[in-house]
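For reference, the structure is listed below as structure tokens.
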Amino acid sequence: MNSYSYLLDKIRLSKVKKKPFEFIYIDNFLSIDDLNMIISHSSFKTSGNNFEELCSQMDKKGWTPHPHPGTFKDLESYKTWRKNNYRLNEDIYGHNEINKLCEGSGMAFRLSNLPEFLSELRNLFLSEDFIDCIKNKFSLNDNFKYKIDCGFQKYLSGYEISPHPDVREKALTWMLNLNLNEKSENENYHTHLMKFKLEKSYIYEIWNNYTNIQRPWVPWSWCQTEFMHSKNNSITIFSPNSYTLHAIKAEYNDLIEQRTQLYGNIWYDMENSKNMPYYLESNHENLDYEKVVNASLKKSRLKNTSQKFIYFFKNPLKLLKKFN
């Protein structure tokens with residue numbers, strides 16, 4: 001029997017919060033003894049006087065670069081970006097509207113070669129018991145097969161994902177904060193749970209009514225933070241839908257300690273599921289009706305102004321009378 005099975009009971013007994021969207025939030029998730037055993041393990045203690053020392057420490061303790069949204073694809077690109085004093089990633093990749101949604105790009109690492117007690121915790125979230133437990137909380141689609149990914153991750157400064165509800169292929173996501181810093185709650189690297197501002201709330205209905213359209217990242221200015229997942233040893237769990245807007249922007253001194261989580265997802269398995277739809281890609285500009293309307297009004301005003309100019313040019317006496 002898994003020694004962390006008591007966590008499933010905590011999930012079963014938890015209430016689903018409704019604002020800003022449906023999610024589970026549990027404080028003091030791990031027992032104090034389990035928490036201390038995990039964060040006091042040598043693999044979690046990585047630091048350096050400079051970035052090269054930090055990378056060396058992380059490598060020795062089994063942390064390897066891990067592809068993740070909001071990060072550079074390789075360590076060398078991140079090093080270049082970091083050496084240039086956190087310039088925008090468009091300085092490396094060139095001007096691009098999508099890059100503007102993610103002002104910086106950090107680096108994510110995942111712990112490999114786990115000791116047994118860490119493997120046991122991770123394996124709990126990879127188990128059928130966890131899936132069965134969570135199905136009673138969220139309406140996962142049983143028409144499709146599942147695949148699960150979970151691991152211990154560290155996120156370096158610069159890591160950013162603009163507000164997004166997650167893609168439609170994702171069935172569930174969870175984040176358990178496992179930070180070493182006793183004052184980590186005050187650090188600027190936590191996940192924002194958000195909602196659209198009133199003038200952008202029409203987007204919910206678009207995503208709800210057109211279910212074959214992929215849900216893209218959107219600008220920070222369109223959203224407002226309703227809850228910050230900042231407490232250590234707390235977990236958030238939710239099933240992505242049109243309302244599950246969340247975001248992260250990490251700016252902090254990562255040479256001392258790093259934002260650390262047990263992070264995971266359940267995905268709908270497109271390769272092994274029958275009749276699973278493919279989704280049309282979209283971007284935030286497709287949703288920016290305010291911009292479209294303003295552009296149309298401007299065009300209309302220019303057209304009217306142009307027509308008036310031609311009219312008065314052909315009828316100069318009319319223009320003179322207008323000023324008399």
Side-chain angles (χ1 to χ4, degrees), residues 23 25-30 35-36 38-51 53-59 61-73 75 77-79 81-82 86 89 102-112 114 118 121-122 125 149-164 166 173-194 220 225 227-238 246-265:
F23 72 105
Y25 174 74
I26 305 173
D27 271 335
N28 302 312
F29 188 56
L30 292 160
L35 175 66
N36 289 336
I38 290 169
I39 64 176
S40 64
H41 190 262
S42 61
S43 61
F44 275 66
K45 298 176 180 179
T46 52
S47 60
N49 293 316
N50 54 56
F51 185 61
E53 280 189 18
L54 175 61
C55 287
S56 177
Q57 273 277 313
M58 295 184 74
D59 182 61
K61 296 190 176 184
W63 295 91
T64 56
H66 181 71
H68 195 83
T71 68
F72 281 101
K73 301 302 181 187
L75 186 56
S77 295
Y78 175 67
K79 285 181 178 179
W81 179 80
R82 187 170 176 124
Y86 297 116
N89 58 1
C102 190
E103 295 177 1
S105 284
M107 199 70 206
F109 290 77
R110 180 168 285 194
L111 184 61
S112 56
L114 304 181
L118 290 180
L121 177 57
R122 182 199 59 186
F125 287 89
D149 174 62
C150 183
F152 295 92
Q153 295 189 183
K154 285 181 178 284
Y155 307 85
L156 301 190
S157 190
Y159 167 54
E160 178 182 355
I161 304 182
S162 302
H164 65 296
D166 277 331
T173 191
W174 61 91
M175 296 167 280
L176 170 60
N177 289 340
L178 295 170
N179 298 303
L180 275 65
N181 182 357
E182 292 181 358
K183 298 181 180 179
S184 64
E185 188 174 341
N186 300 320
E187 292 288 353
N188 187 23
Y189 55 44
H190 298 295
T191 301
H192 300 244
L193 275 57
M194 314 180 83
W220 285 83
T225 299
F227 177 79
M228 190 81 79
H229 180 202
S230 59
K231 285 190 177 181
N232 209 28
N233 193 25
S234 67
I235 190 170
T236 53
I237 309 172
F238 59 87
H246 56 290
I248 171 68
K249 186 172 185 175
E251 293 180 348
Y252 71 105
N253 182 3
D254 55 12
L255 297 180
I256 300 172
E257 57 90 28
Q258 303 79 41
R259 178 185 193 252
T260 308
Q261 291 183 331
L262 177 64
Y263 171 84
N265 300 297

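Quantities reported herein were computed from a predicted structural model and do not represent experimental measurements.
Legend: residues meeting side-chain hydrogen bond (donor to acceptor under 3.5 Å, both in side chains) with Asn28, ordered by chain and number and at least two apart, are absent. Listed by chain and residue number, nothing satisfies the ring pair (Phe, Tyr, Trp, His ring centres under 6.0 Å) test with Phe29 (two or more places apart in sequence, or in another chain).
Under a 3.5 Å cut-off, the side chain of Asn188 and the backbone N or O of Tyr252 do not form any donor-acceptor pair. Panel note: side chain Lys154, backbone Phe44; a donor-acceptor pair is recorded below 3.5 Å. When atom types are taken as modelled, the side chain of His190 and the backbone of Lys231 share no donor-acceptor pair closer than 3.5 angstrom. In this structure, the side chain of Asn179 does not engage the main chain of Asn232 through any donor-acceptor pair within 3.5 Å. Checked by atom type and distance alone, the side chain of Gln258 pairs as donor or acceptor with a backbone atom of Thr46 at under 3.5 Å. Judged purely by atom type and a 3.5 angstrom limit, Ser112 uses its side chain to pair as donor or acceptor with the backbone of Gly62. A distance-only check finds no donor-acceptor pair linking the side chain of Arg110 to the backbone of His66 [under 3.5 Å].
Side-chain atoms of Thr173 and Asn265 include a donor-acceptor pair closer than 3.5 Å. Between the side chains of Ser43 and Lys61, no donor-acceptor pair is found at a separation under 3.5 Å.
In summary, the aromatic rings of His164 and His246 are positioned with their centroids under 6.0 Å apart.
The closest side-chain heavy-atom distance from Thr225 to Met194 is below 4.5 Å. Put simply, the side chain of Trp174 reaches to within 4.5 Å of the side chain of Cys150, judged on heavy atoms. Side-chain atoms of Leu193 and Tyr25, non-hydrogen and from C-beta on, never get closer than 4.5 Å to each other. Residues Leu176 and Asn233 form a side-chain contact, since some pair of their non-hydrogen atoms from C-beta on lies under 4.5 Å apart.
By the 30° and 60° cut-offs, the orientation of the rings of His192 relative to Trp220 is perpendicular.
In terms of heavy-atom proximity, Tyr78 sits nearest to Ser157 at OH-O, 2.8 Å.
Among the candidates Asn181, Asp254, Thr191, the single residue satisfying the side chain to side chain donor-acceptor pair (under 3.5 Å) test with Arg259 is Thr191.
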